Each structure stands twice: as structure tokens, then as C-alpha cells.
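Heads up: numbering here begins at 1 and tracks the sequence. Since the model is a prediction, treat every value here as computed from it, not as a measurement. Only this structure's heavy atoms are used, side chains among them; waters, hydrogens and symmetry mates stay out.
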Amino acid sequence: MLLLTVKHVIADFVLQNAWMAIGKDQRTGWALPLLAHCLVHLAVAMVLILIVAPRFWFVALIDFAIHITVDRAKGLCASRFGMTQELQHPWFWTLIGVDQALHHLTGFGLSIFMAANG
């Protein structure tokens, strides 16, 4: 769990730039920023998993698939309902919180999977 939490902090906060963060939530032109952001998650997860538990390399692919799905769902909510910080939507921070909770639950579930099969 610690490994996937470190991965998440690095990929979601340290390595995500404004183009990714803003672009992935737009009504149009979202695909490339979203893909770039999620490929960063894939790369960081793959490197860390290969160092710590190489037999679970495929977990990085599962994390990628779930991350891109969760972030796209957040982007749809943000663009369709104007749930943005710029528009001062009252549910903006709730949307961010749900997004982050889903990412952490993903890490928790994948950690349980690896621990149970390790």
C-alpha cells in the first residue's frame, strides 16, 4: 500500500503538469493530456513494482486502466456540469475528493491482491 501511495503522490502531484491537470478535464481535447497523465502513472508504477515485486508487473497495467477510467469519469463530471475551480462550483472539492478516494481504494485493492498472492 505504501508503494502505491508513493506512486500516486509522485505521478498525481509531482509529475502532473498544468497541461495534463487542466486538459484532461476539458470538454474537447482531453484525450492526449489524459493519456499522458495516465502513462506517467503506468511508468512510475511499473518501475516501483519491478524493483519491489517484479512478478506483479501486470498490476501496473491494471492500475493504469482503472486510473484512466476514474480520471475520465471525473473529467466528464467537470466538463458537463461545470464542476471546476474556475467556476467556483460548490461540488468541485467533493469531486476531487471522490477522485482521490477512488485512486486510494484502487491502491488498497491492488495491495491486497499482491499480498494475498505473494
Side-chain angles (χ1 to χ4, degrees):
M1 183 65 198
L2 181 61
L3 177 80
L4 291 177
T5 299
V6 168
K7 182 277 303 181
H8 185 77
V9 169
I10 292 169
D12 235 31
F13 298 102
V14 177
L15 298 178
Q16 181 173 208
N17 60 32
W19 173 74
M20 293 175 194
I22 296 166
K24 68 184 182 182
D25 291 343
Q26 298 304 304
R27 191 174 290 261
T28 61
W30 55 266
L32 193 55
L34 176 62
L35 181 61
H37 169 64
C38 291
L39 285 172
V40 168
H41 274 274
L42 175 64
V44 175
M46 188 67 76
V47 167
L48 293 175
I49 291 170
L50 286 174
I51 291 169
V52 176
R55 67 180 269 198
F56 290 114
W57 62 270
F58 60 91
V59 168
L61 297 174
I62 296 168
D63 182 65
F64 169 82
I66 294 170
H67 199 98
I68 204 166
T69 302
V70 169
D71 275 14
R72 184 60 196 134
K74 179 179 66 85
L76 285 170
C77 288
S79 65
R80 286 217 175 130
F81 303 112
M83 297 172 81
T84 66
Q85 190 172 23
E86 294 77 24
L87 296 176
Q88 298 180 346
H89 194 285
W91 285 19
F92 170 75
W93 289 109
T94 301
L95 181 62
I96 296 296
V98 169
D99 170 77
Q100 291 300 303
L102 290 172
H103 292 316
H104 289 289
L105 286 170
T106 300
F108 184 64
L110 293 173
S111 297
I112 289 171
F113 170 78
M114 288 188 285
N117 292 285

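Apart from I96 itself, the hydrophobic cluster it occupies contains F92, W93, where clustering links Ile, Leu, Val, Met, Phe, Trp and Tyr at side-chain heavy-atom distances under 4.5 Å.
Taking both residues in full, the closest heavy atoms of I49 and F56 are given as CG2-O, 3.4 Å, listed atom of the first, atom of the second, then distance. When all heavy atoms of D71 and D25 are compared, the closest pair comes out as O-OD1, 4.2 Å. Pairing each heavy atom of P33 with each of K24, the nearest pair is CB-N, 3.6 Å. Heavy-atom minimum distance, N117 versus R55: O-NH2, 2.9 Å. Between C38 and I68, the shortest heavy-atom distance links the atoms SG-CA, 3.5 Å. Between F64 and L35, the shortest heavy-atom contact is CZ-CD1, 4.1 Å.
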K74 vs V70, side chain to side chain contact (heavy atoms under 4.5 Å, CB included): CA-CA, chis, key distance, verdict: CA-CA 6 Å; K74 179 179 66 85; V70 169; 5.7 Å; no

Evaluation steps, side chain to side chain contact (heavy atoms under 4.5 Å, CB included), between V52 and M114: CA-CA 11 Å; V52 176; M114 288 188 285; over 6 Å; no

Residue pair D63, K7: steps toward the side chain to side chain contact (heavy atoms under 4.5 Å, CB included) verdict: CA-CA 11 Å; D63 182 65; K7 182 277 303 181; 2.7 Å; yes

Derivation of the side chain to side chain contact (heavy atoms under 4.5 Å, CB included) call for L15 and H41: CA-CA 9 Å; L15 298 178; H41 274 274; over 6 Å; no

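Checked against V6 for a side chain to side chain contact (heavy atoms under 4.5 Å, CB included), the options V9, L2, L3 give a single hit: L2.
Between F13 and H8, the two ring planes are perpendicular [angle over 60°; tilted spans 30° to 60°].
Hydrophobic cluster membership differs between M1 and L105, with clusters built from Ile, Leu, Val, Met, Phe, Trp and Tyr side chains linked at under 4.5 angstrom. Under the 4.5 Å side-chain heavy-atom criterion for Ile, Leu, Val, Met, Phe, Trp and Tyr, V59 and F108 are members of distinct hydrophobic clusters. The cluster map of Ile, Leu, Val, Met, Phe, Trp and Tyr, joined by side-chain heavy atoms under 4.5 Å apart, puts L4 and I10 in the same cluster. The cluster map of Ile, Leu, Val, Met, Phe, Trp and Tyr, joined by side-chain heavy atoms under 4.5 Å apart, puts M83 and L102 in different clusters. Both L39 and L48 belong to a common hydrophobic cluster when Ile, Leu, Val, Met, Phe, Trp and Tyr are linked at side-chain heavy-atom distances under 4.5 angstrom.
L76 contributes atom CG, which lies 9.0 Å from atom CZ of F81 (distance to the nearest 0.5 angstrom). A distance of 9.5 Å separates NE2 of H89 from OG1 of T94, quoted to the nearest 0.5 Å. With rounding to the nearest 0.5 Å, the separation of CE in M46 from CZ in F58 is 10.5 Å.
Listed by chain and residue number, R27 satisfy the side-chain contact (heavy atoms from CB on, under 4.5 Å) test with S79 (two or more places apart in sequence, or in another chain).
A donor-acceptor pair shorter than 3.5 Å can be found between the side chains of H67 and H37.
Between L32 and W19, some side-chain heavy-atom pair lies under the 4.5 Å cut-off.
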